[in-house]
Amino acid sequence: MGVYVGVDLGTTAVKVIVYNPLTKEIEMDIGKAYQPFSTGPGMFEQNPSDIEDAVFDALKQVAQSFKNIDAIVLDSALHTLLLLDKDLEPIGNIVPWLDERSVEQVRKISNNQELANHLHRKTGCPPDTVYPFYKILWLYENDGEKLEQTFKIVSQKDYIVYKLAGELVSDISVASGSGCLDIHKKQWCYDELKDLAKLEREKFPQLVSVREILRLQKPAADRSGLKEGIPVIVSLSDAAASSIGAGAGVEDSLTLSVGSSAAIRTIVKQPPKEYPAPGIWCYILDENHYITGAAIKNGGYVFDWYIKLLSKYDHTAAVKNVEKILYELDLENSVLFYPFIFGKRFPKFDPTPCARFDRLKSTTTQEQVAKSVLEGIAFNLKRAFDVVKTMPKSLEKVVATGGLTQADVWMKMVSAIFDQKIILQSSRQGAALGTVLYVLSNGDLSSLEQTTENIDEYKPEPVLKEYYAKLYQIWLNGIR
């Protein structure tokens, strides 16, 4: 048995691991960064060549150290849009999830409640600028000529799979995060796309299973140094793969993932019959499973924003200062922070930035302000957590991954605020591992072995739990 190469196509980097199924160890871990860039107010794009080059650079490193490779397995960030011409070359750049050019199109659909509900139920995607569907509507209304010239409408993952395997296909997991897919029938929403954007079905790639096996073609083999004909398995979305990599089960657990943004997800066997909040989404994991939950724009990036704009300390020092005052539990002098610097995705879409501090005084300290920022991020997640935890049949465990979860003081806050034991996973356990583990399980999630590494467990401390229960209610009452 050889090794498996997991390729995670993220928003800011490609992460590649080499996993040995016999030893159950990650034998190589590579990251290659690239960055979205602004093209106007609220508009962000990515150069597809940057992502392509990053993937092949990482695979070259793999090829130099490993010869016996059983498969390349991919996952990708959701909600990316790329237009291709007849030669299957990009027309312009990739438009990622953080782009907000389609605010007016989202508002227009949202104002038609019947249509908004229909699209939400059918696609699992509530009205929101993150979804390529609304970016397509923006193109139809603002750059119709470009849309007419487009031969295929794809995701970043579809494009990379094509560059590796020479076939243009779209897996149902990533496709379900576009807002263009009927998650019940697992077909493109041809009628809605034609009615709302005059698009014909030929503009969309063939849909395939997440277990579809293609082969590494000679141009990609020559470029990467890998052997021609290696299986290329299209696999999952990063949301699905990340939950699997974190050790989440089916119908019994939640995953809290906090990077620049944040999400709370659960794996279920059926889509919700009714969505418990307007901002709850549901995507396909595979033919037999779905992943549903809530996403928050204002995650770890909010703390970065605070450090750059308002703090005289760097990240490390600011977190240490908060640790020193964590148990100074003074409701009268506590600062409140509302972290909506990017607007809101939950409980419903609202693009209007409305971050603010409350209860600042002449005696307020830097430490109190930093603490309020971390609390505000956690309080915002608590709102989503309380809804998503009702969706699986039971709640046996909550697992956490992502950059902000590595801050011990913040995890103590979250455990107390959620009133929940939280299992923290190694930062190395992520989507790239999850997508490999999924393939090795042959889609049987119940058979997955516990290969993830638990760093720590956080249990609610009674004194913090009591304090935060009161402070959270005060914070909730102040939401505008």
For L236 and I244: C-alpha separation, side-chain torsions, deciding distance, then whether side-chain contact (heavy atoms from CB on, under 4.5 Å) applies.
CA-CA 10 Å; L236 306 167; I244 292 170; 3.8 Å; yes
Are H79 and Y283 close enough, and set up right, to give a ring-ring contact (aromatic ring centres under 6.0 Å, His included), and what steps lead you there?
CA-CA 11 Å; H79 324 315; Y283 312 137; 5.6 Å; yes
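Ring geometry for F204 versus W188: interplanar angle of 30 to 60°, hence tilted.
Annotation: the span from N288 atom CG to I267 atom CD1 amounts to 12.5 Å, rounded to 0.5 Å.
Residues E192 and K122 are paired through a salt bridge, judged by an N-O separation under 4.0 Å between the basic side chain and the carboxylate. Under 4.0 Å is where a charged nitrogen must lie from a carboxylate oxygen, and between K308 and D304 no such pair does. Under a 4.0 Å N-O distance rule, the pair D222/K218 qualifies as a salt bridge.
A donor atom on one side chain and an acceptor atom on the other are not found under 3.5 Å apart for R345 and S261. Side-chain contact, Y438 with D286: a donor N or O sits under 3.5 Å from an acceptor N or O. Side chains of Q35 and T12: no donor on one and acceptor on the other come within 3.5 Å. A donor-acceptor pair shorter than 3.5 Å cannot be found between the side chains of R265 and T255. With 3.5 Å as the limit, one finds no donor-acceptor pair spanning the side chains of Q149 and K86.
Taking every heavy atom of both residues into account, D238 and L78 meet most closely at OD1-N, 3.6 Å.
Remark: aromatic rings of Y19 and Y4 are distant, center separation not under 6.0 Å. Ring pair F342/Y301: centre-to-centre distance below 6.0 Å.
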